[in-house]
Amino acid sequence: MTSQQRVVVIGGGLAGLRLAARLGPAAQVRVLGEESHAPYNRVLLAEVLAGRYAPAVTALPDPGPVLRRGVRAVRVDRAERRVHCDDGSVETYDTLVLATGSNPVLPPLRGLFTPGGRELPDGVHAFRTMDDCLALAAAVRPDLRAVIIGGGLLGVSAARALAARGAQVVLAQQAERLMERQLDADASALLHAHLNSLGVEIHTHCRVRGLTTTATATPAARPGHAARRVTGVELADGYRLDAGLVVLACGVRPRTGLARAAGLEVREGVVVDDRLRTGDPRVHAIGDCAEHAGRVYGLAGPALEQADALAAGLTGAGATDGARGAGYTGTRVLTRLTLSTAGTGPFDLAAFGEPTPLTGDDVVRLADATRRTYRKVVVRGDRLVGGVLLGELSTVGALARGWAGDEPLDDLFHLLTDDGGH
């Protein structure tokens, strides 16, 4: 790659901006960012919603003129190597990188949309972008009854944040326990109890059937919302939850429309190889929209590693931080969430690897009811293959490093019981 090569990146989130920063002067880079906000770290949005951080704290380094804000790519012409934008402009490329991210899943609920319409009722929010976060922060008030649909990582984060704002929070989870993808039953029960202590009412094994709304006499308060206001959430068993605010936390789906329309292979995400190339060698994909080795990650850590690996591959610079050799071989994912609020003390959560043991694996559990801590790890041979930790997590750094590096265990008991000097 030379400084004359034009690299167009569609997507101004963590992955796209990381790639642009890594490429630096090695190419002429242009990033197309659909949002008009200055770049921000999406991982911190729950802290903004909780009132712990101001929006400015989430700011990413300003990439300068490399980034075009408020511009949406609408079509990719691979034959001409051009990207057409919604403002009529056209960007030509030698290398194109799709970093289009993901959209929140809007479940098929009765009353969510009017027939033929795609406008949400007022009071119903997704929780994915800075605009979503700011709208929620403006809508919430003490004692407002807020129902969160979805008890995964995003739903738990939103529940904690809205509870910190003084809302009466109800969390409706279809599965048998909270964060069932990351936590075992014991850890999920501790998380359940912690959220209860914050005033969150939790319903598991709970399938939402629809929303109830009422017509409003005035236009919708927010663009993209109909002149209807949500009043409740209907469950499949006929029970109704009153609601002045509803948060849809039902997961995300990769944004693949541009890739599909351009004739690229799409399964769950845009299919890429170990060099993060699509079937067109001039087109790459990274971040939430990319599917590598049959997996879509949807998390910040893998997105950053993919950006680093692609930058190394494009510049020929070899491995950089987070990149593994000459290509990308996948990411060992660690999920971490801080759930503390004022007056409750530290309560953190971390999950990594394979927390469900296979036949022949060793499992070590340590629980301390007084300190509200739970630590479980799965050991296969002399290797740590997964773990779940809740409470005060001074040990998570050392455990995660040993797991991520696939290193032989020296003193597992010391790692599990080390409290950082406390």
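Below, each value reflects all heavy atoms present in this structure, side chains not excepted, and no hydrogens, waters or symmetry copies. Residue numbers start at 1 and run along the sequence shown.
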*Hey, mind stepping through L334 and W403 against side chain to side chain contact (heavy atoms under 4.5 Å, CB included) and telling me if it holds?*
CA-CA 10 Å; L334 183 146; W403 164 72; 4.2 Å; yes

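- The stretch residues 158-187 participates, sequence neighbours left out, in no ring-ring contact (aromatic ring centres under 6.0 Å, His included) pair at all.
- Residue pairs satisfying the salt bridge (Lys or Arg N to Asp or Glu O under 4.0 Å) criterion with at least one member in residues 247-256, sequence neighbours excluded, are listed as follows: E34-R255.
- The two atoms that bring R228 and L112 nearest to each other are NH2-O, 3.1 Å, heavy atoms only.
- Evaluated for a side chain to side chain contact (heavy atoms under 4.5 Å, CB included) with V156, the options L191, V200, L183 yield exactly one hit, L191.
- Ionic pairing of D186 and K376 is not present here: no N-O contact between side-chain nitrogen and carboxylate oxygen is shorter than 4.0 angstrom.
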*Y374 and L349: CA distance, side-chain angles, deciding distance, side chain to side chain contact (heavy atoms under 4.5 Å, CB included) verdict*: CA-CA 10 Å; Y374 173 81; L349 176 156; over 6 Å; no

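- Surrounding CZ of R383 are more than 12 heavy atoms belonging to other residues, nucleotides or ligands, all under 6.0 Å away.
- Minimum heavy-atom separation, G11 to V31: O-CG1, 3.4 Å.
- Under the side chain to side chain contact (heavy atoms under 4.5 Å, CB included) rule, V83 has a single partner from V71, L96, V9, which is L96.
- For T231 (side chain) and T214 (main-chain N/O), no donor-acceptor pair under 3.5 Å exists by modelled atom type.
- Taking R209 as the reference, nothing meets the side-chain hydrogen bond (donor to acceptor under 3.5 Å, both in side chains) condition, with sequence neighbours excluded.
- Listed by chain and residue number, nothing satisfies the side-chain hydrogen bond (donor to acceptor under 3.5 Å, both in side chains) test with Y297 (two or more places apart in sequence, or in another chain).
- Taken from CG in L171 to SG in C206, the straight-line distance is 9.0 Å, to the nearest 0.5 Å.
- A salt bridge is defined here as a Lys NZ or Arg NE, NH1 or NH2 lying under 4.0 Å from an Asp or Glu carboxylate O, and R42 with D288 fails to meet this definition.
- At least one donor-acceptor pair closer than 3.5 Å links the side chain of D86 to the backbone N or O of R72.
- Every residue two or more places apart in sequence or in another chain was checked for a side-chain hydrogen bond (donor to acceptor under 3.5 Å, both in side chains) with R177, and none qualifies.
- For the pair L109 and V208, the tightest heavy-atom approach, listed with the atom from each and the gap, is CD2-O, 3.5 Å.
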Just list the side-chain donor-acceptor pairs under 3.5 Å for residues 133-146, sequence neighbours left out, or say none.
unit_1	atom_1	unit_2	atom_2	d
R145	NE	D242	O	2.8

